[in-house]
Amino acid sequence: FVGITQMVTVPNVLVVNAAKAQKLGIDSVDDLVAYAKANPGKLSYGSGGNGSAGHLAGEMLKQGLDIDVVHIPYRGAGPAINDVLGGQVPVYFDQVASSLPHIQSGKLRAIAVSWPERLAVLPDVPTYAEAGHPELNDPSWFGLVAPKNTPAEQIARVQKAVAEALQ
């Protein structure tokens, strides 16, 4: 593939089932890390599937903080968040928009956002950088790609049209 353009960047949020968070003593990224280090392989996180943004965020957390947590891939974000809400899986990496109603209802506890600064909709939730882990402050982005051998003039035309539409 060849990149055409980036279209949008969105913040992600690390959430924990609120009841599980209280039971496990997880109120922050450092609490999550401490629990995972004290209980290797016993903490799991859900994602919308292998290779999804949530899966990659979880793997970045594992590698960046040297913890052993278990990835539970689902067939989409809907089933994953349902199991996090139900307490079957305690941790989830999501886009803010889809988790926000559950955070506001108190069913999920947000412990970090991946964005350059705090979000107006979650003013009490620190960024990963504020939580001491700037290497994890990686928002999701969406863009367009084309097959590798697409002529440059076609790529330029699509890029220009997208830029105009986004403005």
Taking everything shown except K107 itself, do over 12 heavy atoms lie less than 6.0 Å from its NZ? no
Is there a side-chain contact between L100 and V121 in this structure, where contact means two heavy atoms from C-beta onward sitting under 4.5 Å apart? yes
Is R109 salt-bridged to D27, going by a charged N under 4.0 Å from an acidic O? yes
Using a 4.5 Å cut-off on heavy atoms from C-beta on, say whether the side chain of R157 contacts that of K160. no
Mind listing the closest non-hydrogen atom pair of D124 and P126 along with its distance? O-CD, 3.7 Å
Between CD1 on residue I81 and OG on residue S98, distance to nearest 0.5 Å: 5.5 Å
Enumerate donor-acceptor pairs with a distance under 3.5 Å from any side-chain N or O in residues 11-19 to protein atoms, sequence neighbours excluded.
{"from": "N12", "atom 1": "OD1", "to": "S140", "atom 2": "OG", "distance (Å)": "3.1"}
{"from": "N12", "atom 1": "ND2", "to": "S140", "atom 2": "OG", "distance (Å)": "2.9"}
{"from": "N17", "atom 1": "OD1", "to": "A19", "atom 2": "N", "distance (Å)": "3.0"}
{"from": "N17", "atom 1": "OD1", "to": "K20", "atom 2": "N", "distance (Å)": "2.9"}
{"from": "N17", "atom 1": "ND2", "to": "V84", "atom 2": "O", "distance (Å)": "2.7"}
{"from": "N17", "atom 1": "ND2", "to": "L85", "atom 2": "O", "distance (Å)": "3.2"}

Given the rule in the side-chain contact (heavy atoms from CB on, under 4.5 Å) test, do V69 and V91 qualify, once you have shown the distances and angles that lead to the verdict? CA-CA 10 Å; V69 294; V91 178; over 6 Å; no
To the nearest 0.5 Å, how far apart are CZ in F1 and OG1 in T150? 9.5 Å
Can you tell me how far apart CE (M7) and CG (L144) are? Round to the nearest 0.5 Å. 5.0 Å
One should read off an interatomic distance between L43 CG and L32 CG, to the nearest 0.5 angstrom, of 5.5 Å
Where is the tightest heavy-atom contact between V10 and W115, given as atom of each residue plus distance? C-CZ3, 3.5 Å
Exercise: identify the closest heavy-atom pair between S47 and A80: O-CB, 3.6 Å
Distance col, row D138:CG vs M60:CE, nearest 0.5 angstrom, shows 4.5 Å
Hey, are the side chains of I67 and L61 touching, using non-hydrogen atoms and a 4.5 Å cut-off? yes
Provide the closest heavy-atom pair for G41 versus V70 in the form atom of the first, atom of the second, distance. O-CG2, 3.4 Å
Hey, quick one: are Y128 and V33 part of the same hydrophobic cluster, counting side-chain heavy atoms closer than 4.5 Å, chains of contacts allowed? yes
Which residues pass the ring-ring contact (aromatic ring centres under 6.0 Å, His included) test with Y45, sequence neighbours left out? H71, F93
Do other residues, nucleotides or ligands put more than 12 heavy atoms under 6.0 Å from the NZ atom of K37? yes
At what distance, to the nearest 0.5 angstrom, does CD of Q104 lie from OG of S99? 11.0 Å
